Amino acid sequence: MPEDGYEWKKYGQKYIKNIQKIRSYFRCRHKLCGAKKKVEWHPSDPSSDLRIVYDGAHQHGSPPAAASPAGPGAAAGSNRYELGAQYFGGGARPQ
DNA sequence: AGCCTTTGACCAGCG
DNA sequence: TCGCTGGTCAAAGGC
């Protein structure tokens with residue numbers, strides 16, 4: 001699973017037949033954080049169709065970007081999760 | 001000892 | 001009202 005810089009705790013995993021993909025449910029380890037993360041991927045091509053759906057907003061500061069794509073400070077969004085439900089698509093990334 | 005991860009079952013909403 | 005799907009919680013094992 002891809003590291004986005006935040007800490008998550010997996011609390012479930014189900015196969016969504018509607019889209020024929022695996023969906024993993026993650027939750028922020030912080031109690032003051034109602035942020036959630038859902039990761040979907042193909043059962044046969046996990047690296048070809050990765051999908052990440054962020055739900056909620058983090059109620060704490062930004063953690064040390066562990067896997068920043070361009071270094072610290074350039075994480076895929078600091079705390080803009082307040083937008084509600086961010087939708088990230090590995091093969092369908094807007095902008 | 002504490003934390004994390006994984007699987008099954010249960011609950012709620014919709015057709 | 002029933003069946004199905006999506007989503008969440010709990011318990012056990014390993015490091």
Side-chain angles (χ1 to χ4, degrees):
Chain A
M1 53 175 64
E3 171 62 78
D4 63 349
Y6 279 98
E7 297 175 78
W8 307 91
K9 170 182 46 165
K10 180 183 284 186
Y11 67 93
Q13 182 177 87
K14 285 281 284 283
Y15 177 71
I16 312 300
K17 34 196 85 173
N18 250 20
I19 56 184
Q20 280 197 314
K21 290 207 308 195
I22 308 293
R23 198 176 241 175
S24 286
Y25 300 91
F26 292 89
R27 238 166 153 173
C28 196
R29 308 213 302 57
H30 300 245
K31 66 170 185 179
L32 307 166
C33 197
K36 286 186 301 193
K37 178 194 194 181
K38 300 164 190 170
V39 184
E40 315 173 17
W41 64 74
H42 272 253
S44 303
D45 274 299
S47 319
S48 293
D49 211 344
L50 209 225
R51 219 156 197 80
I52 305 177
V53 180
Y54 287 92
D55 268 306
H58 291 280
Q59 305 304 299
H60 57 97
S62 353
S68 301
S78 307
N79 63 312
R80 64 189 191 187
Y81 301 107
E82 56 182 279
L83 299 176
Q86 285 280 2
Y87 201 84
F88 290 82
R93 184 186 301 169
Q95 295 177 32

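Predicted model only: the values in this text are computed from it and were never measured. The chains referred to below are lettered A, B, ... by the order of the sequence lines, with proteins before strands, and numbering in each begins at 1.
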Looking only at the side chain of A:Lys9 (C-beta and beyond, no hydrogens), which of the listed nucleotides C:dG7, B:dT7, B:dT5 gets closest?
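That would be B:dT5.
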What nucleotide, of B:dT5, C:dC9, C:dG6, holds the atom closest to the side chain of A:Tyr11?
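Shortest atom-to-atom distance from the side chain points to C:dC9.
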What is the ring orientation for A:Tyr25 with A:Tyr11, classed by angle as parallel under 30°, tilted 30 to 60°, or perpendicular over 60°?
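It falls in the tilted class, 30° to 60°.
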Give the rounded distance in Å between these two atoms: [atom1] of [X] and [atom2] of [N].
X	N	atom1	atom2	result
A:Tyr15	B:dA9	OH	C1'	20 Å
A:Arg51	C:dG6	CZ	C1'	17 Å
A:Gln20	C:dT5	CD	P	13 Å
A:Asn18	B:dG15	CG	C1'	13 Å
A:Arg29	B:dC4	CZ	C1'	8 Å
A:Glu40	C:dG7	CD	C1'	13 Å
A:Lys37	B:dC4	NZ	P	15 Å

Using OP1 and OP2 only, check whether a side-chain N or O of A:Lys14 sits under 4.0 Å from C:dT8.
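For C:dT8, neither OP1 nor OP2 has a side-chain N or O of A:Lys14 closer than 4.0 Å.
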Counting just side-chain N and O atoms, does A:Arg27 come under 4.0 Å of either OP1 or OP2 of C:dG7?
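Negative; the distance criterion is not met.
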